[in-house]
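The model shown is predicted, which means the values in this text are computed figures rather than measured ones. Along the sequence shown, residues are numbered consecutively beginning with 1.
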Amino acid sequence: MTPAEPPVPPGRPPAVRPGRKLGPIAPFVGSAHRAWLDPMRESYLASGLTLSDLSTRVRFAKSKLSELLRGVGLYPRWEIVYLLATELGVPNWPLYQLWCQAALEAHRSSEWVDDCTERTPILTATHTAPPL
């Protein structure tokens with residue numbers, strides 16, 4: 001008989017996830033990119049989801065999600081960042097502002113930014129009380 005594993009408290013992911021561990025953010029990622037990437041990674045890690053789970057939910061390849069969450073490859077289009085943020089419960093308006101700033105830092109044109117956002121269903125500009 002094998003001893004049962006202790007239960008995981010609600011709201012906390014298990015200590016070990018199946019699959020490969022998410023790699024670190026690439027060292028060349030700029031500060032504006034890191035400003036939205038860090039909270040996105042924290043939300044992913046806190047979610048308890050695997051890249052496979054997330055891939056199924058947002059219908060995007062695991063390898064591309066891994067690249068996005070590590071800041072490697074091409075700078076991601078807003079559509080995928082938006083889908084990922086929605087799935088992970090990250091507020092999209094501040095994220096959008098940070099994403100735009102980072103896109104310009106990554107030498108993307110304002111036309112590219114506009115093209116990325118014109119097909120996104122909703123950008124809610126809900127204003128909440130400022131932090132204390």
Let me confirm one number: the [atom1]-[atom2] distance from [X] to [Y], rounded to the nearest 0.5 Å.
X      : Y     : atom1 : atom2 : value
Gln101 : His33 : CD    : NE2   : 12.5 Å
Leu83  : Leu54 : CG    : CG    : 10.0 Å
Tyr44  : Leu88 : OH    : CG    : 9.0 Å
Leu65  : Leu49 : CG    : CG    : 11.0 Å
Glu67  : Phe60 : CD    : CZ    : 8.5 Å
Leu45  : Lys21 : CG    : NZ    : 9.0 Å

- Partners meeting salt bridge (Lys or Arg N to Asp or Glu O under 4.0 Å) with Arg34 (sequence neighbours left out): none

- Stepwise, does the side chain to side chain contact (heavy atoms under 4.5 Å, CB included) test hold for Ile25 with Leu69? CA-CA 7 Å; Ile25 294 176; Leu69 291 170; over 6 Å; no

- Would you say Glu105 has more than 12 foreign heavy atoms packed within less than 6.0 Å of its CD? yes

Pairwise side-chain contact, [X] with [Y], heavy-atom cut-off 4.5 Å (strictly under):
X      : Y     : answer
Ile80  : Lys64 : no
Phe28  : Val72 : yes
Thr117 : Tyr96 : yes

- Message: Go through it in stages, so that I can follow the logic: the residues are Thr56 and Asp53, the test is side-chain hydrogen bond (donor to acceptor under 3.5 Å, both in side chains), and I'd like the CA-CA distance, side-chain angles, deciding distance and then a yes or no.
- Response: CA-CA 5 Å; Thr56 300; Asp53 296 334; over 6 Å; no

- Query: Just by distance, do the side chain of Arg70 and the backbone of Ser66 share a donor-acceptor pair under 3.5 Å?
  - Reply: yes

If I compare all heavy atoms of [X] with all of [Y], which pair ends up nearest, and what's the gap?
X     : Y     : value
Ala35 : Leu98 : O-CD1, 3.8 Å
Pro76 : Leu68 : CB-CD1, 3.7 Å
Gly71 : Ala26 : O-CB, 4.2 Å

- Apply side-chain contact (heavy atoms from CB on, under 4.5 Å) to Cys116 and list each qualifying residue two or more places apart in sequence or on a separate chain. Arg77, Trp78, Glu79, Trp99, Trp112

